[in-house]
2 protein chains.
Amino acid sequence: MQERLRPRPNRERSDATRAALVAAARALFVEKGYAGTSTPEIVAAAGVTRGALYHHFEDKRALFRAVANQEAIAVADAIETAAAADSPAGDAMLAGSVAYLEAMTVPGRTRLLLTDGPAVLGAAEVSDLDDANAARTLREGLEAAAAESGASDLPIQALVVLLSAAFDRAAIAIEAGGNPAEFKAAMQQLIRAATIA
Amino acid sequence: MQERLRPRPNRERSDATRAALVAAARALFVEKGYAGTSTPEIVAAAGVTRGALYHHFEDKRALFRAVANQEAIAVADAIETAAAADSPAGDAMLAGSVAYLEAMTVPGRTRLLLTDGPAVLGAAEVSDLDDANAARTLREGLEAAAAESGASDLPIQALVVLLSAAFDRAAIAIEAGGNPAEFKAAMQQLIRAATIA
DNA sequence: ATAAACATACAGGCGGCATGCATGCAAGAA
DNA sequence: TTCTTGCATGCATGCCGCCTGTATGTTTAT
């Protein structure tokens, strides 16, 4: 059987304008928020017209979704890379935690993923986007730590969700000018203590 | 000296339409979100015209602010009441925690205060609104518990912020159908653990 | 009469869609 | 091989309905 029946004419150009739109949208969404950014602004910054935007994306939300997706993938990659280096579950969890907080210091990520994201896409969708990836490392680490300490009846699933929220808030606090070391220490305290019977 | 130089003609009627607008807006904001709700819809539901809305509120955001404010006050009252009954700091904190989670089960509060609020008003303003009130009980409890257990060098301020975030997420999870008992247990675990040296 | 409380009318802008044009790819004919 | 025909993709332009905020007019209470 032949693959690529229709080889997509002009794929490069298409990808280029898509990327330009996503990049321009990202900058404006970060600067002025989703609601405060108009599609004319976006296409002007990208050097195209609104026709191109609505050719590539179903609507303004879909464009935001693409931006958020890109950001979430970058964060997940950072965690994956940092966690994979340390094989013991406990160390991997710690490394992943620090990696998450540092990945979220990239300007705009907190606004995109934690502030505008839930309101625009709904909390559920942005959870599937961000948490599902980032929380995996956390859960594995918690399960390992719980098994080690012999605490078997912990509500691990719930703890993962709540600790994820604490992570998010720590990222926001750090970007708002909070002392990173202080919040990292507080997160360590919470994680370590979460698995104590 | 005379007070009330201008006696505010028709204060009752004014308050009534204000209340009607806030109530109608609350219902629609909860049902369709802030962005998905138009001012024509709101005034139609309230039985007035847009003129009345813009007479009482500077803009649509100000109306949302009034709604969120009302909600935050109700939550704070619930916590205050529950916490005041138990005078020992530890008990007060526990009672306040449960009170918070139950107050947030009132339909729409999570969306208003935790999802749309930060995006519409900014994370900072909604923090001053909600957290400042709710977090006070939490901080006093943590300080008392830390003093009791002899752990003096805990980053209490940071822990309060992070635990508040966990509370918020617990409220969201519970409204989304999560098991309340499980999340309450997980929160207890986190709080108890936060003060362990 | 005077000022508040509201209603009405208007202006600017935005989001989404439909239409139109241009460019490239594929395949058959010469 | 080259040319040309057919067609889908990529994108620009114009339009429509709606919404927000304001300015102006009208009623009502004091």
Side-chain angles (χ1 to χ4, degrees), chain A residues 1-29 31-68 116 119-122, chain B residues 2-25 27-29 31-67 116 119-121:
Chain A
M1 75 179 79
Q2 48 181 339
E3 48 202 39
R4 281 208 316 158
L5 189 60
R6 269 180 281 156
R8 279 289 199 85
N10 238 8
R11 181 177 199 144
E12 295 172 11
R13 187 150 90 106
S14 214
D15 288 356
T17 60
R18 263 189 80 99
L21 281 167
V22 169
R26 202 211 108 103
L28 288 166
F29 287 158
E31 184 193 349
K32 321 169 71 172
Y34 175 82
T37 304
S38 68
T39 54
E41 278 178 302
I42 296 171
V43 299
V48 296
T49 65
R50 284 171 21 90
L53 196 166
Y54 281 91
H55 175 74
H56 286 286
F57 301 95
E58 189 183 351
D59 54 12
K60 192 183 168 190
R61 276 183 72 224
L63 176 56
F64 180 85
R65 200 193 322 270
V67 172
D116 281 1
V120 174
L121 303 177
Chain B
Q2 49 179 342
E3 48 202 41
R4 283 208 313 158
L5 190 60
R6 271 178 279 155
R8 279 288 200 87
N10 235 10
R11 180 175 199 148
E12 295 173 12
R13 185 150 92 106
S14 214
D15 288 355
T17 59
R18 264 188 80 99
L21 280 168
V22 169
L28 288 166
F29 286 158
E31 184 193 347
K32 322 170 67 173
Y34 174 83
T37 303
S38 67
T39 54
E41 278 178 300
I42 295 171
V43 298
V48 297
T49 65
R50 282 169 26 88
L53 196 165
Y54 282 89
H55 176 73
H56 286 286
F57 301 94
E58 189 183 351
D59 54 11
K60 193 183 168 190
R61 276 183 71 221
L63 175 56
F64 180 86
R65 199 193 321 272
V67 172
D116 280 1
V120 174
L121 302 178

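Nothing here was measured: the structure is a model prediction, and the numbers come from that model. A, B, ... follow the sequence lines: proteins, then strands. Residue 1 opens every chain.
Protein atom CD of Glu58(B) is 13 Å distant from nucleotide atom C1' of dT20(D), rounded to whole Å. In this structure, the CZ atom of Phe57(A) is 15 Å from the P atom of dG15(C), given to the nearest Å. If you take CD of Glu41(A) and C1' of dG15(C), they are 13 Å apart, rounded to a whole angstrom. Look at CZ on Arg18(A): it is 15 Å from P on dT9(D), rounded to the nearest Å. At whole-Å resolution of the value, CZ in Arg11(B) and C1' in dC6(C) are 18 Å apart. When rounded to the nearest whole Å, the span between CG of Asp15(B) and C1' of dA4(C) equals 13 Å. Taking atom CD of residue Glu12(B) and atom P of nucleotide dT30(D), one finds them 9 Å apart after rounding to whole Å. The distance from atom CZ of Phe64(A) to atom C1' of dG16(C) is 19 Å, rounded to the nearest whole Å.
For Tyr54(A), no side-chain nitrogen or oxygen approaches OP1 or OP2 of dC17(C) to under 4.0 Å. Contact check, His56(A) against dC11(D): a side-chain N or O comes under 4.0 Å of OP1 or OP2. Using a 4.0 Å cut-off, no side-chain N or O of Thr39(A) falls inside it from OP1 or OP2 of dC14(C). Taking 4.0 angstrom as the limit, Thr17(B) places a side-chain polar atom (N or O) nearer than this to OP1 or OP2 of dC6(C). Neither OP1 nor OP2 of dC11(D) sits under 4.0 Å from any side-chain N or O of His55(A). Within the 4.0 Å cut-off from OP1 or OP2 of dC18(D), not a single side-chain nitrogen or oxygen of Ser38(B) is found.
Side-chain atoms of Ala52(A) lie closest to dC11(D) of the nucleotides dC11(D), dT20(D), dC6(C). Of all nucleotides listed (dG16(C), dT20(D), dC6(C)), dC6(C) comes nearest to the side chain of Thr49(B).
Residue Ala20(A) comes nearest to Ala46(A) through the heavy atom pair O-CB, 3.7 Å, listed as atom of the first residue, atom of the second, then distance. Leu53(A) approaches Leu21(A) most closely through the heavy-atom pair CA-CD1, 3.8 Å.
When side chains are defined from C-beta on, Ser38(A) does not count as touching Lys60(A), because their heavy atoms never get closer than 4.5 Å.
Looking at which nucleotide of DNA chain D each of Gly51(B) and Lys60(B) is closest to, the 5′-most match is held by Lys60(B).
A distance-only check finds no donor-acceptor pair linking the side chain of Arg50(A) to the backbone of Val43(A) [under 3.5 Å].
Ring geometry for Phe64(A) against Tyr34(A) counts as perpendicular: the plane angle is over 60°, on a 0 to 90° scale with 30° as the lower cut.
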